[in-house]
Amino acid sequence: KVQLEESGGGSVEAGGSLRLSCAVSGFTGDSYCLGWFRQAPGRDREGVAVLDSNGITSYKDSVKGRFTVSQDNAKNTLYLQMNSLEVEDTAMYYCAADRYCSADYFITMAIDPGYWGQGTQVTVSS
C-alpha cells in the first residue's frame, strides 16, 4: 500500500523559511514523479515543485528561486525547502506521487496524481 505522510508545516512570518518533508512508503518503480502541490482557501489545487526519476525538476513560476524540491532515496523522503516565504504562499501543502510521468507534465495536474498525502498547513503572516 502506498502511503505519503507530510510534516513540517507551521506558521511563519513573511521572509521566513520552512522545510516540508514527505515520508514515502510502498511506492516502487524505476519511472516516477514526486512532488508538492498546494491549495489555498477558495482556490484550485496547483502544482508547486516536482521532480521525476530522471532528476528533472519543475517549479511554479512564483516560487522559482525561493523553493527547492529534493529527495533522499535512502530515507524514502521528499523535501520542500521554502525560503523567503510570502503571504501568498499560505495554503495546505500536499505531497503526491505517480508512475510513468515527467516532471513538466506532472506539475500541470493534467492528470490527477495517483497518490496523495493528507496535507500539512503552511501559514505565512505579514
Side-chain angles (χ1 to χ4, degrees):
K1 178 182 178 182
V2 177
Q3 290 187 308
L4 307 175
E5 184 173 356
E6 303 94 336
S7 61
S11 297
V12 64
E13 292 185 349
S17 298
L18 283 173
R19 188 177 79 157
L20 305 183
S21 298
C22 175
V24 182
S25 61
F27 186 71
T28 59
D30 295 329
S31 177
Y32 63 85
C33 294
L34 294 170
W36 295 94
F37 299 77
R38 69 186 182 188
Q39 186 167 20
R43 303 189 66 174
D44 292 336
R45 192 170 296 189
E46 61 183 5
V48 177
V50 305
L51 56 78
D52 64 29
S53 50
N54 291 316
I56 304 299
T57 57
S58 185
Y59 293 90
K60 177 180 172 61
D61 283 347
S62 65
V63 308
K64 288 179 180 177
R66 300 190 297 122
F67 290 12
T68 302
V69 61
S70 63
Q71 63 176 341
D72 184 331
N73 289 329
K75 296 182 179 180
N76 293 323
T77 302
L78 181 73
Y79 300 102
L80 183 65
Q81 178 65 45
M82 305 186 294
N83 299 327
S84 302
L85 281 160
E86 302 172 353
V87 173
E88 293 74 21
D89 295 319
T90 295
M92 183 71 79
Y93 282 71
Y94 298 90
C95 176
D98 212 342
R99 297 185 178 93
Y100 307 111
C101 52
S102 66
D104 289 342
Y105 192 72
F106 189 56
I107 198 170
T108 68
M109 295 185 64
I111 295 178
D112 196 26
Y115 307 97
W116 289 97
Q118 294 299 306
T120 185
Q121 178 68 38
V122 172
T123 302
V124 185
S125 59
S126 59

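Residue numbers run from 1 in the order of the sequence given.
Separation of atoms OH (Y115) and CD (Q3) is listed at 12.0 Å; rounding is to 0.5 Å. For the atom pair SG (C22) and CG (L80), the distance works out to 10.5 Å, reported to the nearest 0.5 Å. We find the OG1-CZ distance between T68 and R19 to be 11.5 Å, quoted to the nearest 0.5 Å. The structure places OH of Y32 at 10.0 Å from SG of C101, a figure rounded to the nearest 0.5 Å.
Taken together through direct or relayed side-chain contacts under 4.5 Å among Ile, Leu, Val, Met, Phe, Trp and Tyr, L85 and Y94 form parts of separate hydrophobic clusters. By the rule that hydrophobic residues join a cluster once side-chain heavy atoms approach within less than 4.5 Å of another member, M92 and V12 end up as members of separate clusters. Linking ILVMFWY residues whenever their side-chain heavy atoms come closer than 4.5 Å, directly or via other members, places L4 and F27 in the same cluster. Both L18 and L78 belong to a common hydrophobic cluster when Ile, Leu, Val, Met, Phe, Trp and Tyr are linked at side-chain heavy-atom distances under 4.5 angstrom. Hydrophobic clustering, with ILVMFWY side chains joined whenever heavy atoms are under 4.5 angstrom apart, keeps Y79 apart from L20.
Side-chain atoms of T77 come within 3.5 Å of backbone N or O of K75 as a donor-acceptor pair. Using modelled atom types, no side-chain atom of S84 and backbone atom of R66 make a donor-acceptor pair closer than 3.5 Å. Under the 3.5 Å distance criterion, the side-chain polar atoms of D61 are left unmatched by any main-chain donor or acceptor of K64. At distances below 3.5 Å, at least one donor-acceptor pair connects side-chain atoms of T120 with backbone N or O atoms of G9.
Nearest approach of A97 to L34, heavy atoms of both residues: CB-CD2, 3.5 Å. Considering all non-hydrogen atoms of both residues, R45 and M109 come closest at O-SD, 3.7 Å. Here the closest non-hydrogen pair linking M82 and Y93 is SD-CE2, 3.9 Å. Here the shortest heavy-atom pairing between A91 and R38 reads CB-CB, 3.8 Å. Of all non-hydrogen atoms in A103 and S58, the two that sit nearest each other are O-CB, 3.9 Å. Among all heavy-atom pairs drawn from T57 and V69, the shortest one is CG2-CG1, 4.0 Å.
Side-chain contact check for E5 versus Q118: every heavy-atom pair is 4.5 Å or farther apart. Put simply, the side chain of L51 reaches to within 4.5 Å of the side chain of Q71, judged on heavy atoms. At least one side-chain heavy atom of R99 sits under 4.5 Å from a side-chain heavy atom of V2.
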Task: Test side chain to side chain donor-acceptor pair (under 3.5 Å) applied to S17 and N83, step by step - done: CA-CA 4 Å; S17 298; N83 299 327; 2.9 Å; yes
TODO: Kindly indicate, with the supporting measurements, whether the criterion side chain to side chain contact (heavy atoms under 4.5 Å, CB included) is fulfilled by Y59 and V48.
DONE: CA-CA 6 Å; Y59 293 90; V48 177; over 6 Å; no
Task: I107/E46 under side chain to side chain contact (heavy atoms under 4.5 Å, CB included): CA gap, chis, key distance, verdict - done: CA-CA 8 Å; I107 198 170; E46 61 183 5; over 6 Å; no
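Ring-centre distance between F37 and W116: below the 6.0 Å cut-off. The ring of Y100 has its center no closer than 6.0 angstrom to the ring center of F106.
Counting non-hydrogen atoms of neighbouring residues, nucleotides and ligands closer than 6.0 angstrom, the CG atom of D112 exceeds 12 such neighbours. Counting heavy-atom neighbours within 6.0 Å of D72 CG, excluding the residue itself, gives a total above 12.
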